[in-house]
There are 2 protein chains.
Amino acid sequence: MAGMEPSRNLVPPKEGALPPIQPDALRSACSNCTLRELCLPVGLSPEDLEHLDRVISKRRMLRRGEALFRAGDRFEALYAVRSGFLKTTVSKEDGREQVTGFQMSGEILGLDGIGSAQHTCDAIAIEDASVCVIPFEELERLSREVGELQRQLHKVMSREIVRDQGVMFLLGSMRAEQRVAAFLLNLTKRLKARGYSSSALVLRMSREEIGSYLGLKLETVSRAFSKLQQEGILAVRQREIEILRSEALGALANE
Amino acid sequence: MAGMEPSRNLVPPKEGALPPIQPDALRSACSNCTLRELCLPVGLSPEDLEHLDRVISKRRMLRRGEALFRAGDRFEALYAVRSGFLKTTVSKEDGREQVTGFQMSGEILGLDGIGSAQHTCDAIAIEDASVCVIPFEELERLSREVGELQRQLHKVMSREIVRDQGVMFLLGSMRAEQRVAAFLLNLTKRLKARGYSSSALVLRMSREEIGSYLGLKLETVSRAFSKLQQEGILAVRQREIEILRSEALGALANE
DNA sequence: CGCGAGCTTGATGCCGATCAATGCATGTGG
DNA sequence: CCACATGCATTGATCGGCATCAAGCTCGCG
């Protein structure tokens with residue numbers, strides 16, 4: 001039932017908002033990709049795009065639960081999500097682990113590996129997914145020639161740092177309900193940029209994964225959802241969430 | 001009493017471990033800098049170092065409490081700490097703020113600004129400090145020519161991302177005492193790399209700043225120090241900390 | 001139909017926040 | 001030099017939010 005279709009159970013996107021998947025095509029092409037305005041190629045000229053196409057030659061399909069890379073793996077490439085959802089997790093020796101992020105189409109994974117030539121976290125598909133493989137040595141070489149690409153890569157890395165700062169703030173200073181509110185707002189913002197509704201969504205991750213990301217136990221996440229529903233801010237039916245009063249959600253998250 | 005001397009009340013470094021300060025010199029030179037093995041220039045050849053010297057032409061002195069940059073400031077440069085300590089903080093509109101990091105000599109500040117051309121956090125000197133100014137446009141240009149520099153810049157950014165993942169783990173899954181233990185171990189590790197003792201240190205930040213960084217209240221930080229002292233793991237006298245049983249501290253932080 | 005994974009809901013307990021008082025070091029003016 | 005103010009740290013008492021433990025519940029699926 002799950003099959004390999006992308007993003008099936010998200011709220012239907014506007015026309016053409018998501019790329020059609022061609023499971024057979026082994027070559028990707030940034031030039032034609034409908035994600036190019038959200039992904040690494042933002043702002044590249046058509047000629048530069050062609051150069052990039054030559055570097056990003058491979059794709060990789062992942063079944064739900066499969067790892068794109070694991071901590072300790074040799075770092076060789078960055079990955080751009082084409083379809084599906086992934087999570088990244090860090091873990092201590094003793095096995096305790098924590099989700100550090102969820103990635104959707106157009107977002108880049110693997111930046112953690114550059115510093116030490118090894119990945120420092122696991123990247124796992126939380127639904128069937130497809131990613132573009134971006135061999136890093138070649139990307140570095142090309143970005144030495146294409147200033148705009150260099151700039152774009154730097155921006156992607158910088159934004160990741162800023163995102164992490166936001167999560168640190170959330171983990172350090174917000175209460176459970178606020179964290180959940182902020183999480184939902186962040187998700188809908190990113191989904192909206194991809195053509196999805198900003199008031200309804202289907203969560204691709206379990207309560208436990210959300211809790212792990214937000215520094216909460218799954219029961220607490222569940223209670224927060226229930227509370228927000230009681231207050232008339234959300235309508236929650238399992239993983240389907242409807243945001244009834246987004247201004248109230250925003251107000252909550254901002255204090 | 002405080003004056004402009006660097007790092008006065010840290011445990012005395014081994015010979016030559018910290019750079020002498022020449023308050024009058026307006027030019028810095030990576031080629032001669034004793035921090036070059038900890039800072040951006042790691043691994044650069046003498047010739048490449050000379051190129052870098054041409055880009056990093058200015059220094060800036062900061063008094064305790066002074067801001068290097070603030071959220072919203074136009075992003076123009078990265079900064080490398082020469083001496084002294086800084087902190088970075090993010091804040092919400094309502095004024096609540098949280099410390100996201102402490103930076104010591106050889107560490108780079110300002111990476112947050114690349115993505116949006118504006119800084120997204122404040123960087124404040126928590127003691128008199130001196131930084132090298134690295135104009136970013138010029139750094140980007142030079143790193144297009146010098147592959148080793150490009151690589152080094154990417155590493156610095158990637159390590160910042162990994163560092164943040166570690167903090168997220170700490171904030172999401174560790175208890176108060178563990179957080180304090182991990183904090184101390186992290187500080188001593190970095191100080192050791194700079195030639196200081198790994199078993200004694202003087203904190204440059206207040207209990208409140210530590211708490212803000214660790215997602216705790218200052219009273220909780222204080223209690224954690226007291227507890228660790230009772231247990232014979234630390235000797236605490238105000239901001240002077242001596243680590244008596246570092247293996248116990250490590251064991252605590254790792255579970 | 002019955003099983004199991006994931007979600008919800010309730011009862012209880014603990015860790016850390018909060019409120020409050022005291023201690024300690026440094027600085028200032030009389 | 002003392003009296004006093006100020007900023008920071010310690011310690012105690014109390015409170016509240018979230019974790020923990022423990023049932024039920026829902027839904028998809030063999």
Side-chain angles (χ1 to χ4, degrees), chain A residues 1-3 8-9 64-65 85 87 96 98-99 126-127 170-184 202-231 234-242 252 255, chain B residues 1-3 8-9 64-65 87 96 98-99 126-127 170-184 201-231 234-242 252 255:
Chain A
M1 187 99 282
R8 180 182 40 76
N9 50 345
R64 175 185 153 87
F85 258 73
K87 67 174 177 183
R96 275 183 315 163
Q98 173 161 344
V99 174
I126 57 176
E127 62 178 2
L170 179 146
L171 291 172
S173 346
M174 290 167 73
R175 278 168 315 96
E177 221 178 310
Q178 298 182 306
R179 296 187 198 190
V180 171
F183 173 69
L184 288 176
V202 175
L203 301 171
R204 324 317 297 256
M205 62 294 284
S206 69
R207 300 287 190 266
E208 185 166 16
E209 286 165 331
I210 297 173
S212 174
Y213 180 59
L214 298 178
L216 302 171
K217 290 295 156 185
L218 71 94
E219 295 95 325
T220 306
V221 174
S222 180
R223 277 184 248 269
F225 278 132
S226 301
K227 180 107 182 291
L228 291 169
Q229 184 163 37
Q230 279 178 9
E231 291 166 346
L234 297 182
V236 182
R237 229 180 48 249
Q238 304 283 100
R239 294 192 179 186
E240 290 167 37
I241 310 280
E242 194 178 351
L252 179 59
E255 189 142 18
Chain B
M1 186 102 281
R8 179 180 41 74
N9 49 344
R64 177 186 151 86
K87 66 174 176 183
R96 274 184 315 164
Q98 172 161 345
V99 173
I126 58 176
E127 63 178 2
L170 178 147
L171 290 172
S173 348
M174 291 167 73
R175 280 169 315 99
E177 220 178 312
Q178 297 182 305
R179 296 187 197 189
V180 171
F183 173 69
L184 287 177
L201 71 161
V202 176
L203 301 171
R204 327 315 294 257
M205 62 294 282
S206 68
R207 299 289 190 265
E208 184 166 17
E209 286 165 332
I210 296 172
S212 174
Y213 179 60
L214 298 179
L216 301 171
K217 291 295 157 183
L218 70 95
E219 295 95 327
T220 305
V221 175
S222 181
R223 276 185 248 272
F225 278 131
S226 300
K227 180 107 180 295
L228 291 169
Q229 184 163 37
Q230 278 177 8
E231 292 165 345
L234 297 182
V236 182
R237 226 179 51 246
Q238 302 284 104
R239 295 194 179 185
E240 291 168 39
I241 310 281
E242 193 177 353
L252 179 60
E255 191 143 14

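Everything quoted here is computed from the prediction, not taken from an experiment. Letters A, B, ... mirror the listed sequences (proteins, then strands); counts begin at 1.
Remark: P of D/dA19 and CG of A/L214 are 11 Å apart, rounded to the nearest angstrom. One atom, CD of A/E127, and another, P of C/dG6, lie 16 Å apart when rounded to the nearest Å. Rounded to a whole Å, the CG atom of A/L234 is 12 Å from the P atom of C/dT8. Here the C1' atom of nucleotide C/dC15 and the CG atom of A/L216 are 15 Å apart, to the nearest Å. Separating the CG atom of A/L171 from the P atom of D/dC18 is a distance of 13 Å, rounded to the nearest angstrom. Spacing between atom CZ of A/R207 and atom P of C/dG6 amounts to 12 Å, rounded to whole angstrom units. The nearest whole Å value for the distance from the CE atom in A/M174 to the P atom in C/dA17 is 16 Å. Between the CD atom of A/E208 and the C1' atom of D/dA19 there is a distance of 14 Å, rounded to whole Å.
Here the side chain of A/R207 pairs no donor or acceptor atom with the backbone of A/L218 at under 3.5 angstrom. Judged by distance alone, with hydrogens and angles left aside, the side-chain atoms of A/Q229 form a donor-acceptor pair with the main-chain N or O of A/V236 at under 3.5 Å. Of the possible polar contacts, none joining the A/R204 side chain to the A/F85 backbone as a donor-acceptor pair under 3.5 Å is found.
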Please list each protein N or O that sits under 3.5 Å from an N or O in nucleotides 20-22 of chain D, with the distance.
residue: D/dT20; atom: O4; partner: A/R223; partner atom: NH2; Å: 2.9
residue: D/dC21; atom: N4; partner: A/E219; partner atom: OE2; Å: 3.3

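With sequence neighbours excluded, the residues satisfying side-chain contact (heavy atoms from CB on, under 4.5 Å) with B/R175 are B/Q178. Taking B/E219 as the reference, nothing meets the salt bridge (charged side-chain N to carboxylate O under 4.0 Å, His left out) condition, with sequence neighbours excluded.
Among the heavy atoms of the strands, none lies under 4.0 Å from B/G211. Looking at heavy-atom distances under 4.0 Å, B/L218 makes contact with a base. Within the nucleic acid shown, B/S222 comes within 4.0 Å of at least one base atom, counting heavy atoms only.
The phosphate of C/dG6 (OP1 or OP2) has no side-chain N or O of A/R239 nearer than 4.0 angstrom.
A pairwise comparison of heavy atoms in B/A176 and B/T220 identifies CB-CG2, 3.7 Å as the closest pair.
Nearest-nucleotide positions on DNA chain D place A/R175 closer to the 5' end than the other of A/Q238 and A/R175. In terms of position on DNA chain D, the residue among A/V221 and B/R237 whose nearest nucleotide sits closer to the 5' end is B/R237.
Residues A/L184 and A/F225 have side chains in contact (heavy-atom distance under 4.5 Å, counting atoms from C-beta outward).
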